[in-house]
Amino acid sequence: MVCAQSSAILCLVGPTGTGKSSLAVQIVQKVEAEIVNCDSRQVYADFPCITAQPSDEHRARCPHHLYGFLPPDQAIDAGRFVSLAQEIILDVQTRGKLPILVGGTGLYFRALVYGLAPIPDIPPQIHERIQTQCREQGPEGLHRRLQEVDPETAARLHPRDRQRITRALEVHAATHRPLSWWIRMYPCDQPRYNTLSFGLWSDLDSLTPILKERIERMWAKGALQEAARAWQRCPDESAPGWSGIGCWELLQVLLGRWTATQAQQEWLKNTRAYAKRQLTWFKKEPGIIWFKPGQTASMTDTVQSWLEQ
RNA sequence: GCCGAGGUAGCUCAGUCGGUAGAGCAGGGGACUGAAAAUCCCCGUGUCGGCAGUUCAAUUCUGUCCCUCGGCA
């Protein structure tokens, strides 16, 4: 066993269904390590099966952090993820172990590795006010306002991108500084950890049958019952936990809106589209060493020589 | 067999009063600084069922054949 340097983290990223979780557990057999989740949906306690959280068997092999700890009515965001993950990573490193960051949420990965501008939390009343305005005036209306208070951000956002437009307006309203100011003041272009990043790359055509099979396996393992239990605890379609792919499709079956077949088709379609977005994101991410699933034999050697440096 | 209604993009269909066509969905590509499994953006050549006729020009009109779906036998 090799011990980790104090500031090192290993990252394992790539689209859904490429086998990141199993690979992480394999690496743990060679290196003293603990696994840290980097996936925005696997944090939800009510959806272990549907969001493909590591199995009990995997979790028994080494500590797994930030999985399945949040109820579906509670939101998580990149900022909160980063502060939770930072604390855990530091703790793991202090104990002389290597943190392995595993997951497919590109924004969380980048925010953790490269940092995030220290924008304070937005007070709930400001958030609510701007969301209401967006509903009333539409994203285009808010985009026009953003052009006045933050022309730089407005220029790079499409007038219908309500999520980013409202966020930029919220930042301005809460801090009296435009989002572009924060980003300029706190550029996030240098990694804050000594990082080795692996990516598992699989093109969509090869991934599709795997995703299809995984959905069938989840179905057989009781995904629908899992959703039914979650619905009893949180009967609110708009709750953050329900936005996961699969959760929403299964809910349509529970509410009698879709047939099982329809839901499975939509589930696969949406998963594929998501995998494509992940590929697009990670392709651009610098410094990732790419492997094909199943051709990862040299990976642990790379990890060990990196740790010995 | 007769009478209707159809055959146009992978699917569902619109349209062309004759000048070789366009929507939705599917599919493909892209963006991304606290909702990110989210939120958005861009991308449409297809023997217009086959063959023949009329015409400068036919997917459009005419004839004929083939196929599908109704109704009657």
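A quick note: this is a predicted structure, and the numbers were derived from the prediction, not measured. Convention: sequence-line order gives letters A, B, ...; per-chain numbering from 1.
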In this structure, how many angstroms lie between the [atom2] atom of [N] and the [atom1] atom of [X], rounded?
| X | N | atom1 | atom2 | answer |
| --- | --- | --- | --- | --- |
| F282(A) | A31(B) | CZ | C1' | 15 Å |
| E128(A) | A35(B) | CD | C1' | 13 Å |
| I122(A) | G34(B) | CD1 | P | 9 Å |
| M218(A) | A37(B) | CE | P | 14 Å |
| I165(A) | G34(B) | CD1 | C1' | 17 Å |

Please state whether the phosphate of [N], meaning OP1 or OP2, lies under 4.0 angstrom from any side-chain nitrogen or oxygen of [X].
| X | N | answer |
| --- | --- | --- |
| R277(A) | A38(B) | yes |
| R272(A) | A26(B) | no |
| R156(A) | A31(B) | no |
| R164(A) | U39(B) | no |
| S40(A) | A37(B) | yes |

Nearest to the side chain of [X] - [options]?
| X | options | result |
| --- | --- | --- |
| L179(A) | A31(B), G34(B), A37(B) | G34(B) |
| K276(A) | G30(B), A37(B), C32(B) | G30(B) |
| K283(A) | G34(B), U39(B), G30(B) | G30(B) |
| I245(A) | G34(B), A37(B), U39(B) | A37(B) |
| Q42(A) | A37(B), A38(B), G34(B) | A37(B) |
| T166(A) | A37(B), A31(B), A35(B) | A35(B) |
| L204(A) | U39(B), A37(B), G28(B) | G28(B) |
| T280(A) | C32(B), U33(B), A37(B) | C32(B) |
| Q163(A) | U39(B), G27(B), U33(B) | U39(B) |

Looking across every strand, which nucleic acid part, if any, lies under 4.0 Å from [X] by heavy atom: base, sugar-phosphate, or nothing?
| X | answer |
| --- | --- |
| N270(A) | nothing |
| A117(A) | base |
| W281(A) | base |
| T271(A) | nothing |
| F81(A) | nothing |

**Report entry** In G63(B), glycosidic geometry as syn within 90° of 0 or anti otherwise
**Finding:** anti
Integer angstrom distance from the [atom1] of [N] to that of [M]:
| N | M | atom1 | value |
| --- | --- | --- | --- |
| U62(B) | G18(B) | C1' | 13 Å |
| C25(B) | A14(B) | C1' | 14 Å |
| A58(B) | G19(B) | C1' | 10 Å |
| G15(B) | U60(B) | P | 16 Å |
| A21(B) | G63(B) | C1' | 25 Å |
| C11(B) | U16(B) | P | 23 Å |
| A23(B) | G44(B) | P | 10 Å |
| G50(B) | U59(B) | C1' | 13 Å |

Query raised in the report: Side-chain donor or acceptor of Q131(A) under 3.5 Å from a matching atom on the base of A35(B)?
Result: yes
Query raised in the report: Between the base of G34(B) and the side chain of R167(A), is there any donor-acceptor pair under 3.5 Å?
Result: yes
Report task. Kindly check if the number of other-residue, nucleotide or ligand heavy atoms within 6.0 Å of CD (E237(A)) is above 12? Result -> yes
Query raised in the report: Under 6.0 Å between ring centres, would you say that holds for W267(A) and W248(A)?
Result: no
Query raised in the report: Below 6.0 angstrom between ring centroids: does that apply to W242(A) and Y44(A)?
Result: no
Report task. Both distances under 3.5 Å, Watson-Crick or G-U wobble: report the partner of G1(B), or none. Result -> C72(B)
**Report entry** Co-membership, hydrophobic cluster, residues F81(A) and I35(A), 4.5 Å side-chain
**Finding:** no
Query raised in the report: Applying the 4.5 Å side-chain criterion to the ILVMFWY set and letting contacts propagate, would F198(A) and F109(A) be lumped into a single cluster?
Result: no
**Report entry** L207(A) side chain near R272(A) side chain, heavy-atom distance below 4.5 Å
**Finding:** no
Requested in this report: Measure up the Y186(A) and W182(A) rings against each other and bin them: parallel (under 30°), tilted (30 to 60°), perpendicular (over 60°).
Outcome: parallel
Query raised in the report: What's the spacing between R164(A) CZ and L142(A) CG if we round to 0.5 Å?
Result: 15.5 Å
